[in-house]
Protein chains: 2
Amino acid sequence: MQSKRLPRAVREQQMLDAAVRVFSERGFHAANMDEIAELSGVSKPMVYAYHGTKEELFLSCLRRESERLMERILAASDATLPPDEQLWRGIKGFFEFVGAHRDGWSVLHRQARSLEPFAGELAGMRKALVQLIAHRLDVALQKEGRQVRPDDLTSMALSLVGASESLADWLSAHPDEDPARTATRLMNAVWMGAGQLLHGHTWKPPLDERGNHQAAA
Amino acid sequence: MQSKRLPRAVREQQMLDAAVRVFSERGFHAANMDEIAELSGVSKPMVYAYHGTKEELFLSCLRRESERLMERILAASDATLPPDEQLWRGIKGFFEFVGAHRDGWSVLHRQARSLEPFAGELAGMRKALVQLIAHRLDVALQKEGRQVRPDDLTSMALSLVGASESLADWLSAHPDEDPARTATRLMNAVWMGAGQLLHGHTWKPPLDERGNHQAAA
DNA sequence: CCGTAAGGTTACGCGCGAGTAAGTTATCTC
DNA sequence: GAGATAACTTACTCGCGCGTAACCTTACGG
């Protein structure tokens, strides 16, 4: 019952879809190439023909997913906006991605971080994001006439990314939660800070053109 | 050249030490039982005799390390202190632990999180910490006469833990960095918040009895 | 309508490393 | 100092799953 022969480009994507799913469900080692092949509607040697070894296949998944995520974040956060709004939109875009691509996120964050062949690759991408955020913070600070040591900027960006990742995991375990709501919570944590919240100063999402809260979108 | 016969209790700890090191260097799957045995000064069947399967051995490592970490954090953060100081001390204790037990931390955070047999166990411990923090936040808020929805408390705690983990990874890659300095940076991120920092309001570590900054200890 | 290449398959080799059976010495106890 | 037992070793088995060799078959360009 083999459905139909498909052109390489199409099959390659199906294979990546299947691989992302299986890797995220079972983890890299427990994932087995036959299962990935079957889920792609094809037999194992085809996977090897198109994507090389298991390791190379995983790397392809990693690259595709992280590229999509980065695009999403960059598209959402516009450098010309005020800093809080940049942050808000970036975070919201990130959580929306995670909400929509659970297993892609799992491949990136859970699997790739621990396994040595991939950790480096992923660390590189994460670093790029951290540096981007650090740079935008720097710009915002300079507009206020302030200057901060580079390590302090990096720490701030790392905290932000770490907090986001942590909430992203929580979000992916709570499918019914609205990503924008989670984003709002994160803004309260990292933009306002616990000290402010103690005194009742909270952060609220900005209004869009129609006057609706973006969080309710 | 077998050095000496040792009582079980001693050998068991040596094995855990060796295992933590090897697991953290190679990862769970790439780690091999012979290497762990050799590093414990003993041959493989002894490891099986004392710690059961590879999986059980890893679980023992996980439990020992996470217990030590929890103890450390609880000992440092005293619930009778004001909230910012509780947070400060807890974070500082955490980073000091990570600085002193790099590979223990690696086993916990990098390895255990992704591998299915262990992820659940670790998630449980992490959850306990998150709930502890959420509870203390709640107490602090109630002292101010405020009330916050439980999910908002949890989010705040999750952000905090996530940010800490992120900086802990950075710290373990920068051995010369002072843990207390990293803790200060984290306080600025999560207690003050990016919004405050933009306006030049920063957080400084409290003074100890002798008038020294604790960060310089 | 035929040749050829792209899409596809079945069936296997083989290395690695978890786990063990059977046996050997040190050490402690009475 | 005998005998029991805890500490330890050598030398295997064996299954799993990655990766491949060798072989079909459908589509389609000329």
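The shown structure was predicted, so the numbers you read here are calculated from the model rather than taken from an experiment. For the numbers below, each heavy atom of this structure counts, side chains included, while hydrogens, waters and symmetry mates do not. Every chain is numbered from 1 and lettered A, B, ... according to where its sequence line falls, protein lines coming before strand lines.
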Could you tabulate the donor-acceptor pairs under 3.5 Å formed by side-chain atoms of residues 74-81 of chain A, not counting sequence neighbours?
from: A:Ser77; atom 1: OG; to: A:Ile73; atom 2: O; distance (Å): 3.3
from: A:Ser77; atom 1: OG; to: A:Arg136; atom 2: NH1; distance (Å): 3.1
from: A:Asp78; atom 1: OD1; to: A:Thr80; atom 2: N; distance (Å): 2.9
from: A:Asp78; atom 1: OD1; to: A:Thr80; atom 2: OG1; distance (Å): 3.0
from: A:Asp78; atom 1: OD2; to: A:Thr80; atom 2: OG1; distance (Å): 3.3

Per-pair distances, 0.1 Å, donor-acceptor, side chain in residues 31-38 of chain B, under 3.5 Å, sequence neighbours excluded:
from: B:Asn32; atom 1: OD1; to: B:Asp34; atom 2: N; distance (Å): 2.9
from: B:Asn32; atom 1: OD1; to: B:Glu35; atom 2: N; distance (Å): 2.9
from: B:Glu35; atom 1: OE1; to: B:Arg26; atom 2: NE; distance (Å): 3.0
from: B:Glu35; atom 1: OE2; to: B:Arg26; atom 2: NH2; distance (Å): 3.0

Please set out all donor-acceptor pairs under 3.5 angstrom arising from side-chain atoms of residues 124-134 of chain B, sequence neighbours excluded.
from: B:Arg126; atom 1: NE; to: B:Glu165; atom 2: OE2; distance (Å): 2.9
from: B:Arg126; atom 1: NH2; to: A:Ser166; atom 2: OG; distance (Å): 3.0
from: B:Arg126; atom 1: NH2; to: B:Glu165; atom 2: OE1; distance (Å): 3.1

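Closest approach to the A:Lys44 side chain among C:dT27, C:dG7, D:dG19 is made by D:dG19 (side chain taken as heavy atoms from C-beta onward).
Summarising the geometry of A:Asp84 relative to A:Met187, their closest heavy-atom pair is O-CE, 3.5 Å, with the distance given to 0.1 Å. Heavy atoms only, all atoms of each residue included: A:Gln111 and A:Gly27 are closest at OE1-CA, 3.1 Å.
Listed pair B:Arg8 / D:dC8 fails the phosphate criterion, with no side-chain N or O lying under 4.0 Å from OP1 or OP2. Remark: B:Arg11 is in phosphate contact with D:dC8, judged by side-chain N or O atoms under 4.0 Å from OP1 or OP2.
Separating the CE atom of B:Met46 from the P atom of D:dT10 is a distance of 13 Å, rounded to the nearest angstrom. As rounded to whole Å, 12 Å separates atom P of C:dC28 from atom CG of B:Leu6.
Taking the ring pair (Phe, Tyr, Trp, His ring centres under 6.0 Å) definition, one finds that B:His51 meets it with nothing, sequence neighbours left out. Considering only residues two or more places apart in sequence or on other chains, A:Phe28 meets the ring pair (Phe, Tyr, Trp, His ring centres under 6.0 Å) condition with A:Phe23, A:Phe58, A:Phe118. With sequence neighbours left out, B:Arg64 forms a side chain to side chain donor-acceptor pair (under 3.5 Å) with B:Gln13, B:Asp17.
Non-hydrogen atoms lying under 4.0 Å from DNA chain D are contributed by B:Tyr50, all within residues 48-56 of chain B. Near DNA chain C, meaning a heavy atom under 4.0 Å away, there are no residues from residues 26-39 of chain A.
With ring centers used as reference points, A:Trp88 lies under 6.0 Å from A:Trp203. Two rings, from B:Trp170 and B:Phe95, have their centers 6.0 Å or more apart.
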Between the protein and nucleotides 28-30 of chain D, are there any N/O to N/O pairs under 3.5 Å, and if so, what are the atom names and distances?
none

Restricting both atoms to N or O, compile the protein contacts to nucleotides 22-25 of chain D shorter than 3.5 Å, with distance only.
from: D:dT25; atom 1: O2; to: A:Arg5; atom 2: NH1; distance (Å): 3.0
from: D:dT25; atom 1: O2; to: A:Arg5; atom 2: NH2; distance (Å): 3.3

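Listed by first and then second residue, the ring pair (Phe, Tyr, Trp, His ring centres under 6.0 Å) pairs that reach into residues 119-141 of chain A come to none, sequence neighbours excluded. Pairs of residues two or more places apart, or lying in two chains, never qualify as ring pair (Phe, Tyr, Trp, His ring centres under 6.0 Å) while including a residue from residues 62-81 of chain A.
In summary, A:Arg63 and A:Glu67 do not engage in a salt bridge, as defined by a charged side-chain N under 4.0 Å from a carboxylate O.
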